[in-house]
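Structure record follows, encoded as structure tokens.
Both counts, for ligands and for their atoms, begin at 1 and track the order of listing.
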Amino acid sequence: MSASNDFILSIEDLTVSFDGFKAVDSLNLYIKKDELRVIIGPNGAGKTTLLDMICGKTRPTAGSIMFRDQELIGMPEYKIVRTGVGRKFQTPSIYENLTVFENLEVSYPTGLSVMGCLTFKRTPEVIERIHKVAEEIDLKEYLDVEGAFLSHGQKQWLEIGMLLMQDSELLMLDEPVAGMSQLERERTAELIKRICKGRSIIVIEHDMEFVSRIADKVTVLHLGKLLAEGSMADIRNNPKVIEVYLGH
Ligand code: ADP
Ligand code: MG
């Protein structure tokens with residue numbers, strides 16, 4: 001078996017230019033099965049653009065994004081989701097007028113549309129899954145509460161739960177603790193550690209205290225390129241990283 005089989009995601013020479021400006025430039029990134037990778041870097045480093053390319057929102061100019069043995073470049077977004085890649089955006093996009101239960105229910109993958117299929121989906125298997133996910137995201141007591149009444153942090157957790165309903169093998173979270181209280185940040189760190197069992201997760205984050213709570217391996221991006229990669233301790237002591245990022 002070749003070493004590449006250990007990677008769920010292999011990104012090679014990935015580049016995208018916007019009118020000649022390379023937002024991501026010849027990037028190589030390898031994520032293992034069951035790995036939790038944190039990506040940090042200054043604003044404009046290309047972090048969000050990288051996720052946009054993995055999920056099919058932005059088309060790269062060059063390079064390759066292999067998810068297991070499938071090339072994701074050129075695949076439409078909905079197919080990438082079905083292949084097992086889930087992505088959470090910076091702002092939560094839950095259904096405010098549906099309960100937590102219903103938000104999770106509509107996220108169960110059936111290929112049907114949101115409207116007109118709520119009762120159709122309510123099988124014992126789906127209900128069991130909803131309860132399991134609600135437990136994982138700390139919203140077990142809130143199943144009957146409408147989205148609109150959740151705190152900002154709970155909305156973020158619910159959106160993570162909606163991704164868990166799809167049972168993605170790779171989850172990508174862009175700044176999951178932005179706007180959260182300290183307590184919510186701590187609970188989110190616990191939540192991420194819980195859900196990373198059995199799947200790979202990429203987290204983009206600025207809050208270094210939060211990063212140090214969850215990080216296994218950290219990748220630092222700068223000007224679209226890989227600046228450093230290693231353990232939290234390696235990154236904290238890396239002079240290049242201190243100069244462009246941590247020193248500020
Ligand atoms: P980060 O998430 O690391 O803060 P981004 O990936 O959002 O950075 O942006 C990287 C750079 O690419 C920024 O300079 C941004 O202005 C630019 N950029 C991102 N998307 C586009 C786009 N669609 N068109 C032009 N420039 C873009
Ligand atoms: Mg960003």
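With hydrogens and angles left out, the side-chain atoms of T99 and E146 include no donor and acceptor closer than 3.5 Å.
In terms of N/O distances under 3.5 Å, ligand 1 is approached by A45. Every N/O-N/O distance between F18 and ligand 1 stays at or above 3.5 Å. At under 3.5 Å, not a single nitrogen or oxygen of F21, backbone or side chain, sits near a nitrogen or oxygen of ligand 1.
Remark: F210 CZ is packed, more than 12 non-hydrogen atoms of other residues, nucleotides or ligands lying under 6.0 Å away.
Remark: R199 does not engage E35 in a salt bridge, criterion side-chain N to carboxylate O under 4.0 Å. Classification of E175 and K47 as a salt-bridged pair fails, no side-chain N sitting under 4.0 Å from a carboxylate O. Salt-bridge annotation for D138 and R187: present, with a side-chain N of the basic residue lying under 4.0 Å from a carboxylate O of the acidic one.
In the vicinity of A23, heavy-atom distances shorter than 4.0 Å reach the ligand 1 atoms 11 (C), 12 (O).
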Working for side-chain contact (heavy atoms from CB on, under 4.5 Å), residues Y95 and M162: CA-CA 11 Å; Y95 300 100; M162 292 164 79; 4.1 Å; yes
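In this structure, G46 is part of the shell of residues with a heavy atom less than 4.0 angstrom from ligand 1.
Not one N/O/S atom of N43, from backbone or side chain, sits under 2.8 Å from the Mg ion (ligand 2).
Within the set L51, I39, L223, T49, the minimum heavy-atom distance to atom 5 (P) of ligand 1 is found for T49.
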